[in-house]
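Proteins come first, then strands; the chains are lettered A, B, ... in the order of their sequence lines, and each starts at number 1.
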Protein chains: 2
Amino acid sequence: MKLATLRDGTRDGRLIVVSRDGERHLPAEGIARTMQAALDDWDEAAPKLSALAERLEGGEGDSLDPTELDAPLPRAYEWVDGSAYINHIVLVRKARGAEPPETLETDPLVYQGGSGVLLGPTDDIELPNPEWGLDFEAEICVVLGDTPRGTTKDDAEKYVRLVMLCNDVTLRNLIPAELKKSFGFFNSKPASAFSPFAVTPDELGDAWKEGRLHRQLATRLNGELAGDPHAGPAMHFSFYDLIQHIAKTRAFTAGTIVGSGTVSNEDEARGVSCLAERRMREKIATGEFVTPFLKEGDHVQIEMLDDDGKSIFGRIDQKVVRA
Amino acid sequence: MKLATLRDGTRDGRLIVVSRDGERHLPAEGIARTMQAALDDWDEAAPKLSALAERLEGGEGDSLDPTELDAPLPRAYEWVDGSAYINHIVLVRKARGAEPPETLETDPLVYQGGSGVLLGPTDDIELPNPEWGLDFEAEICVVLGDTPRGTTKDDAEKYVRLVMLCNDVTLRNLIPAELKKSFGFFNSKPASAFSPFAVTPDELGDAWKEGRLHRQLATRLNGELAGDPHAGPAMHFSFYDLIQHIAKTRAFTAGTIVGSGTVSNEDEARGVSCLAERRMREKIATGEFVTPFLKEGDHVQIEMLDDDGKSIFGRIDQKVVRA
């Protein structure tokens, strides 16, 4: 099933179930008021939400306006972002003249992101200072149920409740000084945006396999395709590997979001899911960075299509505005 | 006023108001079910909670059992921990053979911590592996209301809703490998524990001044005083400085917790608020680390007293158990 959050003036919005084609919805009223409430009580709520999903496929429901949607979780208890596509790590570190870590292929990179204010799929990206080097990062992420400390990759599947897309907004020019302090990203990672729909793994069919999503993730900048890399095989650490890694020393509460990191393929024909990679490829090819970072008025769209060309998660569709 | 969260079998517990002496309480029922709900609607809730606090000072209320308390926020939307006591940074970096950052005195160090699972004041600290080097870190922290992006230190005061204490549990031996990857702490920071009471700044009187808490913070290990450093003057960056720093590129939702970092004084007579500092001082004095990290059965207590010797925030009182 597909779930979403309708803005209603409250902090957490209102949970709805969405038809497979993304065009109609039914309110989850009486089951769970919010997405977090459904995740808090998943075993109870999921079958009832699923029954609503069936009614939607039977033709019921009101038409859905995607601009009325907030992030599936407008505020979340944790946002843990990985960097599981090794090609991305190698390229962006080259771009800032840094070496990839020695443990690149054996020890997953993750950082703890801010999760108290998350952006809806059509929210503007505010840019207070163009010198900060605004970039998008197209990612896949999963939403966990209560996940105990010590969960292993073999056990991780059962804690994955939902899958969605993310634009992990990044301020590239703030990164070097921040990483030099060795406490990780902070100012360089403003609020991230999420796809309209969060879907259960069964909705993905065979494309969801061993903790990886085997489809192409398309990112458009100002209407032109920036990239459509395959998200499956290039994901060096699967979501199950990431869950095992993060659960080594602590437990996670229902509603924790775990990100894949920027989807990236070695094959240059597949383009990029962030401008930093394109810039690095330009530098390698020509000695110069050519593409500028995002500026006021730029338009970023992120989407994943199924075999019939239908949007699985709806479209992240954001404009950059000067703030 | 003093607020706390009583365990009631739900994820967020139940908000109570506590008498100044910490011995009695009244339920906040009908005002706000949980601490988060009160923070979400603070302008409405605070005067009503304050009226309950007055009734408590008039002698009303039921007796309070501190072991029934959870963390004031059992799950929070963000936990942002600073490192504002420069003496701590210098000592722990020496301990791991690392240099302090060049911008030590001009650019605050903060990291984003996990906030989905927080420990109550008397919860056990689980130690799955003694080799991980378990340590306590006694800190002060504040809970924010909705804080806009771009908040400056001059404006920060009005967003500080509550003050509390924290034991920022740390796995020292996991830090070097983690920081080498430059994405910040993750596995090395398991769940932190918080004091029984979260108090409004006015409850602190003159001791709360310009974003610093001017009192001594006492930590006991197995009944012996480990340290009682002054938390005020040695805090190089005030909470207002920290808020300005973190709000540079994004906004924070009500209920965000901001920590001071380990309270630390240069004066060795004031002892330590974490074992890493004591170990480093031993190394400097004798060439050897003498004090071991925490082991099963160890007992950590953190508390701050007022002029009359009464506990302001109640006592963090935790045992280390093998998990």
Options [options], ranked by heavy-atom pairs under 4.5 Å with chain B, top entry:
| options | result |
| --- | --- |
| A:P101, A:P128, A:S188, A:A191 | A:P128 |
| A:R11, A:R149, A:E126, A:E102 | A:R11 |
| A:R75, A:K189, A:K180, A:K248 | A:R75 |

Structural part of [X] lying under 4.5 Å from a heavy atom of chain A:
| X | answer |
| --- | --- |
| B:T256 | neither |
| B:E99 | neither |
| B:A254 | both |
| B:P74 | neither |

Please rank [options] by heavy-atom pairs under 4.5 Å with chain A and give me the top one.
| options | value |
| --- | --- |
| B:N129, B:L179, B:D107, B:L104 | B:D107 |
| B:W132, B:W79, B:F252 | B:W132 |
| B:L171, B:I246, B:T103, B:L174 | B:I246 |

Pairs under 3.5 angstrom only: tabulate donor-acceptor contacts from the side chains of residues 109-122 of chain A to other protein residues two or more places apart or in another chain.
unit_1, atom_1, unit_2, atom_2, d
A:Y111, OH, A:D81, OD2, 3.2
A:Y111, OH, A:D168, OD1, 3.1
A:Y111, OH, A:D168, OD2, 3.0
A:Q112, OE1, A:R250, NH2, 2.6
A:Q112, NE2, A:E78, OE1, 2.8
A:S115, OG, A:A76, O, 2.8
A:S115, OG, B:Y77, O, 2.8

**Prompt:** With a 4.5 Å heavy-atom cut-off, do A:S182 and B:E178 have their side chains touching?
**Reply:**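 In short, these two side chains do not touch, never coming nearer than 4.5 Å.
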**Prompt:** Do side-chain atoms of A:K181 reach the backbone of B:P108 as a donor and acceptor pair under 3.5 angstrom?
**Reply:**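 Indeed, once roles are kept as given, a pair shorter than 3.5 Å links the two residues.
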**Request:** Applying side chain to side chain contact (heavy atoms under 4.5 Å, CB included), name anything that partners A:K319, two or more places apart in sequence or on another chain.
**Result:**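 Only A:D124, A:H299 meet the side chain to side chain contact (heavy atoms under 4.5 Å, CB included) criterion with A:K319.
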**Request:** To the nearest 0.5 angstrom, please state how far the CG atom of A:L134 sits from the OG1 atom of B:T249.
**Result:**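 OG1 of B:T249 is found 11.0 Å from CG of A:L134.
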